Amino acid sequence: MTVGQNLGVKKQSAAFHVKGIDSYRFLNGMLTQDIQKTSEHLPSGARSFFLTNKGKIIAPLFFTSLNQEEVFLWTDADSAEALYQGLERYLIADKAEITAAGTFSSWSLIKSEFKSALIKTRHPQGLEKITTTSISDKLIALPLGLLSTEHTELICLKDEFQATEMSKEDYWQVCFNAGQPQWGIDLFADDFF
């Protein structure tokens with residue numbers, strides 16, 4: 001798939017499926033987002049952090065709620081092992097199954113064709129940062145609007161997604177200008193006590 005109007009940086013990401021009747025309950029206790037809200041607005045998702053049972057950050061991730069019993073997670077390839085071990089470690093009594101889906105190309109696009117809207121929740125500030133998600137058999141696109149009005153995080157499940165690639169330095173400058181710290185550059189797990 002080639003879309004010339006998209007602009008961003010290409011990355012490698014690892015993905016996981018969490019399936020089962022308790023998948024939302026399990027993840028809701030481990031993520032920084034209210035993931036149960038996404039099961040009311042399918043498909044939808046957000047960026048988040050996976051935490052220990054004491055609230056220490058294990059890994060940054062993106063999640064997409066596919067149906068009432070299945071959530072798709074992806075993180076950068078460097079954080080994959082820590083995320084998988086954390087998921088396995090804290091899945092004790094919940095009826096859910098964790099499956100590694102593999103490693104895929106992903107993009108952080110500051111200019112994209114994907115649009116979304118925030119989902120209204122009972123969050124005290126009025127809007128939770130949960131968005132509707134574009135899903136096909138080839139990709140999952142999560143429009144977040146954090147780095148630009150068109151900012152989208154995207155993972156390629158089959159064929160390669162083509163976009164105009166910007167340098168990592170230019171991308172980091174965009175992140176800096178938008179006030180969005182980047183994991184592994186501005187933020188590390190040890191920064192949080």
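None of these values were measured; they are calculated from a predicted model.
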Measure the spacing between [atom1] of [X] and [atom2] of [Y] and express it to the nearest 0.5 Å.
X: Leu27; Y: Ser39; atom1: CG; atom2: OG; value: 11.5 Å
X: Tyr171; Y: Met166; atom1: OH; atom2: CE; value: 8.5 Å
X: Leu139; Y: Ser106; atom1: CG; atom2: OG; value: 11.5 Å
X: Ile110; Y: Thr149; atom1: CD1; atom2: OG1; value: 10.0 Å
X: Gln85; Y: Phe50; atom1: CD; atom2: CZ; value: 11.5 Å
X: Glu69; Y: Lys19; atom1: CD; atom2: NZ; value: 11.0 Å

Measure across [X] and [Y] and return the closest heavy-atom pair with its distance rounded to 0.1 Å.
X: Cys156; Y: Leu154; answer: SG-CD2, 3.8 Å
X: Leu109; Y: Ala163; answer: CD2-CB, 4.1 Å
X: Ile135; Y: Pro43; answer: CD1-CB, 3.4 Å
X: Lys115; Y: Pro143; answer: O-CG, 3.8 Å
X: Phe104; Y: Leu157; answer: CE2-O, 3.6 Å
X: Ser105; Y: Lys10; answer: OG-CE, 3.6 Å

Is there side-chain contact between [X] and [Y], with heavy atoms separated by less than 4.5 Å?
X: Thr131; Y: Phe114; answer: no
X: Ser108; Y: His151; answer: yes
X: Glu153; Y: Leu144; answer: yes
X: Leu87; Y: Leu73; answer: yes
X: Trp74; Y: Thr64; answer: yes
X: Leu66; Y: Leu42; answer: no
X: Lys138; Y: Phe161; answer: no
X: Arg47; Y: Leu146; answer: yes

Check your understanding: How about Lys111: does its NZ atom have over 12 heavy atoms from other parts shown lying under 6.0 Å from it?
Key ->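 Open.
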Verify same cluster id: [X], [Y] (apolar side-chain graph, 4.5 Å):
X: Trp172; Y: Leu147; result: yes
X: Val71; Y: Met30; result: yes
X: Ile58; Y: Ile98; result: yes
X: Phe63; Y: Val18; result: yes

Evaluate the criterion side-chain contact (heavy atoms from CB on, under 4.5 Å) for residue pair Leu61 and Leu31; output intermediate values, then yes/no. CA-CA 9 Å; Leu61 59 84; Leu31 299 184; 3.9 Å; yes
Practice problem: Given side-chain hydrogen bond (donor to acceptor under 3.5 Å, both in side chains), test Gln12 with Thr103 step by step and report yes or no. | Solution: CA-CA 7 Å; Gln12 282 294 109; Thr103 303; 5.6 Å; no
### Query
Charged N to carboxylate O under 4.0 angstrom, Lys11 versus Asp76?
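Salt bridge absent between Lys11 and Asp76.
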Check step by step if side-chain contact (heavy atoms from CB on, under 4.5 Å) holds for Tyr90 and Thr52. CA-CA 8 Å; Tyr90 295 110; Thr52 67; 3.5 Å; yes
Checklist entry - Can you list every ring-ring contact (aromatic ring centres under 6.0 Å, His included) pair that touches residues 10-40, not counting sequence neighbours? => result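 Pairs touching residues 10-40 that pass the test: Phe16-Tyr84, His17-Phe72.
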